[in-house]
Amino acid sequence: MASFSTLSDIDLEKQVAILSRELAALRKAVSKRGGAYYDDGRDAALDTYSDLAGRLRDAMPAIRKQGRVIEKSARDHPAAAATVGLVVLGVVASLLFSRR
């Protein structure tokens, strides 16, 4: 590399032009890669969502059945249901306050 005192203005302009072209090429390459990473991430998220939706769809009959069993049990034993509800509320509250 030559020292700055021996470089002419034309040489500096040429170097700046070359560096500008290289920078533009690098920006273009990064843009293409960033778009590809975004597309890959979006596709992975959609695949995960589709998988979860399928699993939930398959599990919904069992979830509904369990919900009806819990509802019937709560109607048959309201005091026990209230006690369980208060215990769950206390556990959630203690978890929230312990993080602070």
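Nothing here was measured: the structure is a model prediction, and the numbers come from that model. One is the number of the first residue; the rest follow in order along the sequence.
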Exercise. With rounding to the nearest 0.5 Å, note down the distance linking CG in Asp58 to CD1 in Ile63.
Key: 10.5 Å

Quiz item: Does atom CZ of Arg55 have more than 12 heavy-atom neighbours, drawn from other residues, nucleotides or ligands, at distances under 6.0 Å?
Solution: no

Quiz prompt | Spacing of Leu56 atom CG and Asp51 atom CG [to the nearest 0.5 Å] | solution = 10.0 Å

Quiz prompt | Straight-line distance of Ser50 OG to Asp43 CG, nearest 0.5 Å | solution = 10.5 Å

Self-check item: Donor-acceptor pair, side chain of Ser31 and main chain of Arg27, under 3.5 angstrom
Solution: no

Quiz item: Per the side chain to side chain contact (heavy atoms under 4.5 Å, CB included) rule, which among Arg64, Lys72, Gln66 passes with Arg68?
Solution: Arg64

Quiz item: Measuring from Arg21:CZ to Leu26:CG, what's the distance to the nearest 0.5 Å?
Solution: 13.0 Å

